[in-house]
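Everything quoted here is computed from the prediction, not taken from an experiment. Position 1 is the first residue of the sequence; numbering continues from there. Each ligand, and each atom within it, is numbered from 1 in the order the structure gives.
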Amino acid sequence: MDGNRRYAKNAGLPLKEGHRAGAESLAKVLNCCFKLGVKDVTVYAFSIENFNRPQNEIDTIFSLLKSRLAYIANEDTDFRDYDVAIKIVGNRSLVPTDVLADLEKIEESTVSHGSHNLFIAFPYTSRDDIVHSMSEIVQKVKRNELGVDSIDEHTVEENFYYRGEAEKVDILVRTSGHTRLSDYMLWQCHQDSVIEFSNTLWPNFKFYHTWWTIFKWSYYKTLILEDAETMQLKKISDEEINKRYKEPIKSLSHPPFASVTKVA
Ligand SMILES: CC(C)=CCC/C(C)=C/CC/C(C)=C/COP(=O)(O)OP(=O)(O)O
């Protein structure tokens with residue numbers, strides 16, 4: 001969710017308004033994802049590096065996290081229908097106890113929800129996740145709960161902060177024009193994961209951008225939006241794709257974001 005501070009600066013607003021706009025964008029993006037049939041979404045809410053930011057900015061992000069997640073978990077009627085389980089995936093030992101207690105209460109309140117997962121990477125880096133998994137595995141071996149010969153990919157995944165719950169990544173989106181991964185999802189991206197670098201600042205990334213990203217991916221996967229009303233996706237053949245879309249796939253990789261941003 002990159003670009004909150006630049007959004008605020010460009011608009012001549014205080015920095016916290018950038019994060020507030022970012023939190024609002026998240027609700028819109030999630031709504032679109034769930035409508036389009038995405039089951040699991042992870043957001044990089046706070047990296048371990050972000051602890052180096054000024055304390056008042058950290059406090060703003062923590063406070064937004066608590067209020068927005070509480071809203072998604074229990075108050076918003078749209079989200080109630082999606083039955084979203086909120087799960088914190090990150091190094092909890094780094095979170096101040098009062099903030100953690102509030103977030104765990106929110107997590108707990110959605111524990112029976114099962115149709116969708118919203119994973120909050122907080123505070124997170126992939127390298128920390130991998131080291132954490134290794135350390136858990138070594139402890140289990142030491143306690144004779146795990147045999148060295150039985151360690152495989154599944155064991156590493158089960159000991160991530162995700163506890164083996166996340167599927168492999170289909171699409172990873174990095175907003176705001178930066179083309180780096182910032183220590184995110186290094187293990188979870190597989191050989192067929194698609195990485196989408198968007199120039200749009202996160203607070204401007206809304207329904208259209210999300211729809212377009214998913215549409216492009218589904219096109220590559222030969223899925224098609226069959227019914228715009230219900231947003232049902234249907235698998236189609238290459239022959240059918242050629243019939244419906246005369247233009248080559250290449251032209252789809254340059255979306256007209258700039259012209260649509262104003263109305264999105
Ligand atoms: C999950 C949830 C409800 C979160 C709410 C708060 C929120 C949107 C947090 C993201 C904070 C963050 C470090 C954004 C990155 O943009 P940046 O600040 O690095 O912006 P820049 O790239 O323009 O400097």
Side-chain angles (χ1 to χ4, degrees), residues 1-34 38 40-76 78-79 82 84-92 94-96 99-100 102-107 109-110 113 116-126 128 161-162 166 172-185 197-206 209-210 261:
M1 299 190 289
D2 201 18
N4 294 352
R5 290 183 299 187
R6 275 168 287 162
Y7 170 89
K9 199 168 168 227
N10 294 348
L13 294 168
L15 184 145
K16 66 174 183 206
E17 293 306 322
H19 291 309
R20 200 185 308 281
E24 272 166 31
S25 238
L26 175 64
K28 294 198 168 76
V29 168
L30 285 177
N31 215 317
C32 180
C33 285
F34 296 151
V38 176
D40 294 343
V41 178
T42 303
V43 287
Y44 205 1
F46 196 83
S47 78
I48 292 173
E49 282 274 296
N50 289 151
F51 277 113
N52 295 325
R53 294 196 179 191
Q55 193 55 47
N56 63 345
E57 186 183 351
I58 295 175
D59 291 343
T60 297
I61 295 174
F62 286 2
S63 144
L64 276 168
L65 250 175
K66 287 191 283 184
S67 61
R68 297 307 297 188
L69 292 183
Y71 179 73
I72 290 170
N74 300 308
E75 289 164 35
D76 187 90
D78 275 349
F79 283 105
Y82 294 131
V84 188
I86 293 177
K87 294 169 185 172
I88 309 295
V89 286
N91 191 334
R92 294 178 195 228
L94 301 174
V95 184
V99 176
L100 186 62
D102 286 347
L103 291 176
E104 287 183 342
K105 243 185 257 161
I106 295 170
E107 230 183 353
S109 73
T110 66
H113 300 182
H116 297 91
N117 285 312
L118 171 59
F119 296 103
I120 308 295
F122 170 82
Y124 181 87
T125 61
S126 259
D128 180 66
Y161 296 122
Y162 277 102
L172 184 145
V173 182
R174 169 89 195 223
T175 57
S176 89
H178 289 154
T179 48
R180 49 189 155 85
L181 291 178
S182 299
D183 209 344
Y184 188 52
M185 297 284 187
F197 290 110
S198 163
N199 287 330
T200 304
L201 302 178
W202 172 252
N204 286 328
F205 197 96
K206 294 194 177 131
H209 306 82
T210 313
T261 303

Would you find a donor on one side and an acceptor on the other, under 3.5 Å apart, between the side chain of [X] and the backbone of [Y]?
X: Arg174; Y: Arg180; value: yes
X: Thr200; Y: Phe205; value: no
X: Asp102; Y: Val99; value: no

> So is Gly3 close enough to ligand 1, meaning a heavy atom under 4.0 angstrom away?
Replying inline: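 Right, Gly3 reaches ligand 1.
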Enumerate the atoms of ligand 1 whose separation from the nearest heavy atom of [X] is less than 4.0 angstrom.
X: Arg6; value: 21 (P), 22 (O), 23 (O)
X: Ala23; value: 5 (C), 8 (C)
X: Leu65; value: 1 (C), 2 (C)
X: Leu26; value: 1 (C), 2 (C), 3 (C)
X: Arg53; value: 13 (C), 17 (P), 18 (O), 19 (O)

Using distance alone, decide if ligand 1 has a nitrogen or oxygen within less than 3.5 Å of any nitrogen or oxygen in [X].
X: Glu57; value: no
X: Arg5; value: yes
X: Arg68; value: no

Looking at [atom], what's its closest protein heavy atom, distance included?
atom: atom 9 (C) of ligand 1; value: Ala45 O, 3.7 Å
atom: atom 13 (C) of ligand 1; value: Asn50 OD1, 3.5 Å
atom: atom 14 (C) of ligand 1; value: Met1 O, 3.3 Å

> Taking atom OG1 of Thr60 and atom CD of Glu57, what is their separation to the nearest 0.5 Å?
Replying inline: 7.0 Å
> Roughly how far, to the nearest 0.5 Å, is the NE2 atom of His209 from the CG atom of Asn199?
Replying inline: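 The CG atom of Asn199 sits 10.0 Å away from the NE2 atom of His209.
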>> Please compare Ile61, Ile120, Asp2 and report which has the shortest non-hydrogen distance to atom 17 (P) of ligand 1.
In response: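 Nearest heavy atom to atom 17 (P) of ligand 1 lies in Asp2.
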>> Parallel, tilted or perpendicular: which one describes the rings of Phe79 and Tyr82, with boundaries at 30° and 60°?
In response: perpendicular
> Is the ring centre of Phe119 less than 6.0 Å from the ring centre of Tyr161?
Replying inline: no
